[in-house]
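The block underneath contains the structure these notes are about, expressed in structure tokens.
Every chain is numbered from 1 and lettered A, B, ... according to where its sequence line falls, protein lines coming before strand lines. Every value quoted in this text rests on a predicted model; they were computed, and no experiment measured them.
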Amino acid sequence: MTDKNQNDSSENKKSLNFIEQIIEEDLKLGKHTEIITRFPPEPNGYLHIGHAKSIILNFGLGNSYNGKTNLRFDDTNPEKEDVEYVDSILEDVKWLGFNWDGEVHYASDYFDQLYEWAIKLIKDGFAYVDDQTGEEISASRGTPTRPGNKSPYRNRSVEDNLELFYRMKNGDLKDGEKVLRAKIDMSSPNMHMRDPVMYRIKHAHHHRTGDKWCIYPMYDFTHGQSDYIESITHSICTLEFENHRPLYDWFLDHIYEKGRIRPRQIEFARLNLSYTVMSKRKLAELVEGNYVIGWDDPRMPTISGLRRRGYTPESLKVFTEKVGIAKRENIIDVGLLEFSIREHLNKAAQRVMVVLDPLKVTITNYPEGQNELLPAVNNPEDETMGKREVPFSRTIYIEKEDFKEEANRKFFRLKLGSEVRLRYAYFITCNEVIKDKDGNITELLCTYDPLSKGGKSPDGRKVKGTLHWVSAKHASDIEVRQYDRLFNDEAPDSHKDKNFKEFINPDSLTIIENCKAEPFLLKAKAGDKYQFERKAYFTLDKDSNKEKLIFNRTVTLRDSWKKQSK
RNA sequence: UGACCGAUGGUGUAACGGUAGCACAUCUGGUUUUGGUCCAGACAGCCAAGGUUCGAAUCCUUGUCGGUCAGCCA
């Protein structure tokens, strides 16, 4: 909805990426009055954050220029595709918050039209049926530095080609027996122009067209034409399709009718994230090898994984904005992704106190059996989120790491004989440490200052530390799943001599049971987001039930103490 | 030994022939009832060589490095 054209004239105009520049130029020259983009996934797997970049780019462009964006499934290879994938893709796009124009489109909707165009190319002398085997075709294609050889079947008559192509379509032939090829140039320096295959025979059941077809068009003979049918103005794809562009244009040249929208292919660099892998094949390997629990494992860079991890659509949009659109290869620091979700959750997440690694503290001068409710701020960044009441009593839990018998003055948490603040509660002083026979600390005996209620001392004395805590008898046990990066290497799939799986981080998941949570957290519903104060952001996992709440750690808070103490 | 594309701080990304800017990361301070947030500051860059020009990150040439392409995958 932001109007980029308007921004042009404003003082603090935002710089445009190269695609926006192309669009604005096209609009200015009157080449188009409205732009139409599209997101064209093949339904053969789950979407990942790289797809999210493409979705946000395409739909974002549609929105900012008051144009339209189509969702189209590129379903020309029935053997690899399934409705399971179209469903998950639909869900992911919707979750990101985008609405496609009109109905969902499918390349398979255009199979009849594509077939007609193939006939036209045959009649015009630009396509022929080739009887060679796959190996023969491959061998005669040449290499990037050596031209290929023409097929012996290249000069068949139009009539023969028509007849043979009809037989291919009719099911008279077996898989692989013949293909339809475009007649272009076997010595082209661009491999894609060396008589590319347009149709192959596949006696396979298609998830939408069923058994109607036994020949299926190739990507190159489908994509540009689908764009053309849908009047796509700007067909945006990733860099590896750069070499396909001459072919994209060649097919369009042979079917284009004057006066219609002629789509233009534009390529941008795909997203790479540090400490992970992004290819569908490798992600599938992680799932199939049980390195993760599924496509939506919170450690996966899939959209469903990020969603389960606690990422928000807003944070992914901000992330994409910060990453930018350009043509150079890149590896984005995963820290930028983490920054984006922290930024959003800092503003949006409900605060709550949870002790992950509990240490029992008894406040000896607090009356036994007494309880009180203390007001706590729900979100210091957003007053409208109000306050809640947290129960306090004689026995509480604090984090084990928040206590040391002795420590230097840089450690401003609880020490023997020193005073700290319990957030929203009281100042307490530690007087005695109780240990088991092995010397492990099992309990702390402290006293509190009744005058410091709410965490303020009337005499104005200061304490350096403020700890989170949970009242023992009011605490609920919850399970917490702490995720770390899946790989220990910045670019696990960049090593020529090593398999990416060698770099899997064995400690990418740590489960902690029996964390102590304040009662407020019992209200949580799947997907709700919280900041466990002083620790991290968490979201309630869908595996939770009434007996057991499970929280996924989305991302830790920045921790300059941890850094300093290292 | 081909074609196409690319090269700006550690990582990303701006500049459209006229002061190399922004974000993340890192490091200092300040504020703080989260060692969070916020605020202030520091660090750090045009692949190389020629050429055009009053002036080049930007235009040209050459080189270097990197990516993509030899599926009946997309």
If you look at every strand shown and take non-hydrogen atoms under 4.0 Å, does Ser274(A) touch a base, only sugar-phosphate, or nothing?
-> nothing
Does any N or O donor sit under 3.5 Å from an N or O acceptor when you compare the side chain of Arg146(A) with the base of rU1(B)?
-> no
Nucleotide opposite rG36(B) in a Watson-Crick or G-U pair, distances under 3.5 Å | none
Counting any heavy atom closer than 4.0 Å, what does Leu239(A) reach on the DNA or RNA strands: base, sugar-phosphate only, or nothing?
-> nothing
Chi-based syn or anti call at rG71(B), which uses purine or pyrimidine torsion atoms and a 90° bound | syn
So, for Tyr426(A) and Phe392(A), is the gap between ring centers shorter than 6.0 Å?
-> yes
Side chain Glu329(A) and base rG12(B) donor-acceptor under 3.5 Å = no
Report the distance from atom CG of Leu337(A) to atom P of rU11(B), rounded to the nearest whole Å.
-> 18 Å
When rounded to the nearest Å, what value does the distance between P atoms of rA48(B) and rG35(B) take?
-> 46 Å
Give Gln21(A) one of three labels, base, sugar-phosphate or nothing, depending on what nucleic acid heavy atoms sit under 4.0 Å from its own.
-> base
If you look at every strand shown and take non-hydrogen atoms under 4.0 Å, does Thr143(A) touch a base, only sugar-phosphate, or nothing?
-> base
Look at all strands and tell whether Tyr199(A) reaches a base, only sugar-phosphate, or nothing, counting heavy atoms closer than 4.0 Å.
-> nothing
Separation of rC69(B) C1' from Glu267(A) CD (nearest whole Å) | 13 Å
Under 4.0 angstrom, heavy atoms only, what part of the nucleic acid is His468(A) near: base, sugar-phosphate, or nothing?
-> nothing
For Gln132(A), answer base if it contacts any base atom (sugar-phosphate contacts may also be present), sugar-phosphate if it contacts only those atoms, and nothing otherwise; contact means non-hydrogen atoms under 4.0 Å.
-> base
The residue, Ile332(A) or Ser452(A), whose nearest nucleotide of RNA chain B is more 5′ is Ile332(A)
Would you check if the distance from the ring center of His223(A) to the ring center of Phe241(A) is below 6.0 Å?
-> no
Kindly state whether the pair Tyr219(A) / rA74(B) counts as stacked, where counting means centroids closer than 5.5 Å and planes tilted less than 30° apart.
-> no
Respond yes when some side-chain nitrogen or oxygen of Lys202(A) is under 4.0 Å from OP1 or OP2 of rC73(B), and no when none is.
-> yes
Mapping Val197(A) and Arg421(A) to their closest nucleotides on RNA chain B, which lands nearer the 5' end?
-> Arg421(A)
G-U wobble or Watson-Crick pairing nucleotide for rG12(B) (cut-off 3.5 Å, both distances) | rC22(B)
Whole-Å distance separating the CD atom of Glu81(A) from the P atom of rC73(B) | 11 Å
Arg328(A) side chain: which of rG6(B), rU11(B), rG2(B) is closest?
-> rG6(B)
Return the nearest nucleotide to the side chain of Arg351(A); candidates are rU34(B), rC69(B), rA3(B).
-> rU34(B)
Nearest non-hydrogen partners of Asn378(A) and Met385(A), listed with the distance | ND2-O, 2.8 Å
At under 4.0 Å between heavy atoms, what does Ile137(A) touch on the DNA or RNA strands: base, sugar-phosphate, or nothing?
-> base
Please check if the distance between the ring centroids of Phe538(A) and Tyr530(A) is under 6.0 Å.
-> no
Which of the following nucleotides, rU34(B), rA74(B), rA3(B), is nearest to the side chain of Glu533(A)?
-> rU34(B)
Quick one: label Ser188(A) by what it contacts on the DNA or RNA (base, sugar-phosphate, nothing), any heavy atom closer than 4.0 Å.
-> nothing
Separation between the C1' atoms of rU52(B) and rG17(B), rounded to whole Å = 11 Å
Rounded to whole Å, NZ of Lys80(A) lies from P of rG71(B) at a distance of 13 Å
Presence of salt bridge, Arg72(A) and Glu230(A), under 4.0 angstrom = yes
Kindly indicate whether the side chain of Asn243(A) and the base of rU68(B) share any N or O donor-acceptor pair separated by less than 3.5 Å?
-> yes
Could you tell me whether Lys410(A) contacts a base, only the sugar-phosphate backbone, or nothing, with contacts defined as non-hydrogen atoms closer than 4.0 Å?
-> base
Candidate nucleotides rA74(B), rG71(B), rC24(B), ranked by approach to the side chain of Ser138(A) - the nearest = rG71(B)
When we call it a touch if two heavy atoms are under 4.0 Å apart, what does Phe268(A) touch: a base, just sugar-phosphate, or nothing?
-> nothing
Return yes if the base of rA70(B) and the side-chain atoms of His192(A) contain a donor-acceptor N/O pair under 3.5 Å, otherwise no.
-> no
In whole angstroms, how far is the P atom of rG12(B) from the OH atom of Tyr275(A)?
-> 13 Å
Selection from rG36(B), rG2(B), rA25(B) that lies nearest to any side-chain heavy atom of Phe339(A) | rA25(B)
Sort out the partner of rC73(B) for me: Watson-Crick or G-U wobble, both distances under 3.5 Å, none otherwise.
-> none
Please work out if Arg423(A) contacts a base, only the sugar-phosphate, or nothing of the nucleic acid, heavy-atom cut-off 4.0 Å.
-> base
Would Phe532(A) and Phe551(A) count as a close aromatic pair, with their ring centres under 6.0 Å?
-> yes
Quick one: which of rU11(B), rC73(B), rA70(B) gets closest to the side chain of Pro144(A)?
-> rA70(B)
Looking for any heavy atom pair under 4.0 Å, which part of the strands does Asn190(A) touch: base, sugar-phosphate only, or nothing?
-> nothing
Protein-nucleotide distance (Arg342(A), atom CZ; rA23(B), atom P), rounded to Å | 18 Å
Interatomic distance, Phe241(A) CZ vs rA3(B) P [rounded to whole Å] = 23 Å
Carboxylate-amine/guanidinium contact Glu399(A) Arg413(A), below 4.0 Å | no
When you compare rU37(B) with rU28(B), how far apart are their P atoms, in angstrom units rounded to a whole number?
-> 15 Å
Among rG35(B), rA70(B), rA74(B), which is the nearest nucleotide to the side chain of Glu42(A)?
-> rA74(B)
Verify, without hydrogens or angle tests, whether Thr539(A) (side chain) and Gly310(A) (backbone) share a donor-acceptor contact under 3.5 angstrom.
-> no
Below 4.0 angstrom from OP1 or OP2 of rG67(B), is there any side-chain N or O of Arg270(A)?
-> no
With distance as the sole criterion, do the side chain of Arg413(A) and the base of rG35(B) form a donor-acceptor contact below 3.5 Å?
-> yes
Could you check whether Leu467(A) gets within reach of a base, just the sugar-phosphate, or nothing at all, counting any heavy atom under 4.0 Å?
-> nothing
Does Arg553(A) reach the main-chain N or O of Tyr537(A) with its side chain, forming a donor-acceptor pair under 3.5 Å?
-> no
Have Thr466(A) and Arg421(A) got a donor and an acceptor in their side chains that come within less than 3.5 Å?
-> yes
Ser15(A) side-chain N/O to rC22(B) phosphate OP1/OP2 under 4.0 Å | no
To the nearest Å, how far apart are Glu242(A) CD and rA74(B) C1'?
-> 17 Å
Closest to the Ala326(A) side chain: rU13(B), rC72(B), rU34(B)?
-> rU13(B)
Mate of rA3(B) where both pairing distances stay under 3.5 Å, Watson-Crick or G-U = rU68(B)
Would you indicate which nucleotide in rA70(B), rU34(B), rU68(B) comes nearest to any side-chain atom of Glu240(A)?
-> rU68(B)
Of the listed rG35(B), rC73(B), rC24(B), the closest approach to the Leu336(A) side chain comes from rC24(B)
If we call it a pair only when both distances are under 3.5 Å in a Watson-Crick or G-U wobble match, what pairs with rG55(B)?
-> none
